[in-house]
Number of protein chains: 2
Amino acid sequence: MLKEERQQFILNETRIHNKVLLGDLAEQLNVSIDTVRRDVKELDQLKKLKKVHGGAISNGFNIYTYTETDIFSHEEKAFIAKKSVSLIPNNGIVLISGGTTNLEIARHLPVNLKATFFTPSLPVAMQLMTHEHIEVLFIGGRLLKDSQLAVGPSTIRFIQEIRADVCFMTTNSIDEANGMTDSDWDIVQMKKAMLKSSKKIVAPVISEKLGSSQRYQTCTINEVDVLVTELDPFSSKLEGYRRQNIEII
Amino acid sequence: MLKEERQQFILNETRIHNKVLLGDLAEQLNVSIDTVRRDVKELDQLKKLKKVHGGAISNGFNIYTYTETDIFSHEEKAFIAKKSVSLIPNNGIVLISGGTTNLEIARHLPVNLKATFFTPSLPVAMQLMTHEHIEVLFIGGRLLKDSQLAVGPSTIRFIQEIRADVCFMTTNSIDEANGMTDSDWDIVQMKKAMLKSSKKIVAPVISEKLGSSQRYQTCTINEVDVLVTELDPFSSKLEGYRRQNIEII
DNA sequence: AAAAAAACAGCATAATATTGCAATATTATA
DNA sequence: TATAATATTGCAATATTATGCTGTTTTTTT
């Protein structure tokens with residue numbers, strides 16, 4: 001059995017039972033308790049579960065597998081997500097695009113939040129479905145293989161029928177001059193439709209994306225209502241955006 | 001055997017089994033383990049799979065609950081899948097519902113098959129996306145949490161616009177008197193729409209489902225064109241279906 | 001505080017990876 | 001077609017990784 005399989009099994013067991021004992025795992029997997037201990041330690045470092053004395057407890061369901069190198073950006077995105085979820089009104093209608101930051105938002109929803117989410121992103125939909133009180137509506141269409149996102153005319157038509165309270169729109173790049181920009185034309189068209197159908201536009205953006213731009217424009221900077229980054233809201237790096245009357249949290 | 005073919009084989013094996021051991025591959029391919037190692041390394045660099053110590057694991061869709069050990073009667077379902085895929089015409093339009101048997105079909109598509117698949121099932125869509133030459137269209141709508149399936153009026157409207165060559169329709173239960181039956185009303189409505197939009201109806205069914213029935217009817221038995229089971233097509237258990245003029249493979 | 005359980009560190013062993021190299025096969029070019 | 005350039009493959013030597021074991025330290029329980 002491959003190490004990765006074993007770790008996947010451990011993750012699955014912790015998810016199902018909420019907690020597991022290292023001794024039990026060692027027996028089920030036919031390996032020494034030291035090996036299990038080492039596995040659990042690694043998984044803990046990858047934030048996939050929480051190691052406790054004698055066992056491990058679940059860290060919730062996570063569809064995405066982070067490599068060691070993006071552990072830092074993962075933590076930053078989780079921080080952005082925690083700040084972002086406060087913008088969702090109870091019983092609200094939410095439109096949410098794809099990307100790993102939005103995936104974190106889908107993970108960090110308050111357990112008691114009741115809301116309806118529309119999304120064209122397969123991974124985000126999967127993640128949203130783990131929440132009991134969240135209704136998930138998938139926006140269908142042609143699926144792009146790399147971004148796992150639905151695009152195309154039927155997608156846009158579907159989006160046009162929605163009236164959302166808030167839209168979480170992630171992007172490849174953002175800067176003052178060009179606004180939010182992306183490298184894929186189909187995705188940009190779909191995103192434009194999303195923005196049109198939403199009252200409030202929230203851009204959860206990791207600071208490394210600030211000040212860069214791509215080929216196609218989704219929207220200008222002043223169409224954004226709220227900018228959420230991992231930085232302090234009064235950071236000098238955000239000065240330019242503050243001047244545009246964008247709420248920064 | 002050409003290097004290309006070998007790598008294609010390796011990719012297919014990892015897709016089907018979710019993991020492979022380098023030693024096994026070397027044996028199956030009649031090359032040294034070094035060659036396999038180099039192939040896997042290349043495929044890893046191309047992000048087509050993930051190389052790990054001792055083997056490789058599938059790169060796309062890896063949710064534990066859908067791996068071999070976790071699917072009930074996996075062997076039989078994989079066998080049904082292998083028989084079913086022969087019914088897909090090249091460049092055809094396919095409608096495929098959810099369920100683990102259909103998931104196996106999505107896994108076992110021939111590597112060179114070109115086709116367009118429509119599905120309302122999240123896991124099936126994920127699996128289909130791992131195929132290079134397959135176009136995947138997701139049929140959106142309200143997602144049911146347990147079956148991970150889109151249902152509802154917008155789903156049905158979307159389906160009504162499709163004209164499919166073949167439809168793979170799995171079901172909870174099937175018998176001669178009641179046809180295909182399910183326990184969820186929304187799912188049955190969605191399935192009815194799928195059948196209406198398809199020229200040829202294929203029912204991949206594991207034999208233990210034969211002769212049982214549920215609350216709601218999807219279709220009568222003579223609407224089914226082809227029945228695929230893990231049994232020998234001439235098995236006496238299939239006698240009743242054969243009398244209905246259903247093709248059995 | 002003592003006893004028990006668990007975690008940790010270091011080490012030995014076996015399995016797997018990497019590297020350089022030579023033999024062979026394939027491709028490009030004159 | 002001949003020849004040079006390039007790629008592929010298997011092998012051997014060496015390096016790395018995974019695992020279990022032992023003894024010791026830390027944590028939990030009594």
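Each chain gets a letter, A, B and so on, in the order the sequences are listed, and its residues count up from 1.
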(message) Over all strands shown, is B:G55 touching base, sugar-phosphate only, or nothing at heavy-atom distances under 4.0 angstrom?
(response) sugar-phosphate
(message) Using heavy-atom distances to pick each residue's nearest nucleotide on DNA chain C, tell me which of A:K41 and B:L22 is more 5'.
(response) A:K41
(message) Between B:L49 and B:I10, is there a side-chain heavy-atom distance shorter than 4.5 Å?
(response) yes
(request) Give one of base, sugar-phosphate or nothing for A:V52, where a contact means two heavy atoms less than 4.0 Å apart. (result) sugar-phosphate
(request) Kindly state each residue pair satisfying salt bridge (charged side-chain N to carboxylate O under 4.0 Å, His left out) with at least one member in residues 86-105 of chain B, sequence neighbours excluded. (result) B:E104-B:R107
(request) Could you run through nucleotides 18-30 of chain D and give me one letter per nucleotide, 5' to 3': B if any protein heavy atom sits under 4.0 Å from the base, S if only the sugar-phosphate is that close, - if neither? (result) SBBBB-----S--
(request) Determine the sole option in B:P204, B:S121, B:S84 for which the side chain to side chain contact (heavy atoms under 4.5 Å, CB included) test with B:N102 is passed. (result) B:P204
(request) Hey, could you give me each pair passing ring-ring contact (aromatic ring centres under 6.0 Å, His included) that has a residue in residues 95-132 of chain A? Not counting sequence neighbours. (result) none
(request) Please determine if a side-chain N or O atom of B:K51 lies less than 4.0 Å away from the OP1 or OP2 oxygen of C:dT16. (result) no
(message) Please evaluate residues A:T116 and A:V136 with respect to the criterion side chain to side chain contact (heavy atoms under 4.5 Å, CB included), reporting the C-alpha separation (whole Å), side-chain torsions for both, the decisive distance (0.1 Å), and the verdict.
(response) CA-CA 6 Å; A:T116 302; A:V136 189; over 6 Å; no
(request) Would you confirm whether A:T181, through its side chain, and A:Q214, through its main-chain N or O, come within 3.5 Å as a donor-acceptor pair? (result) yes
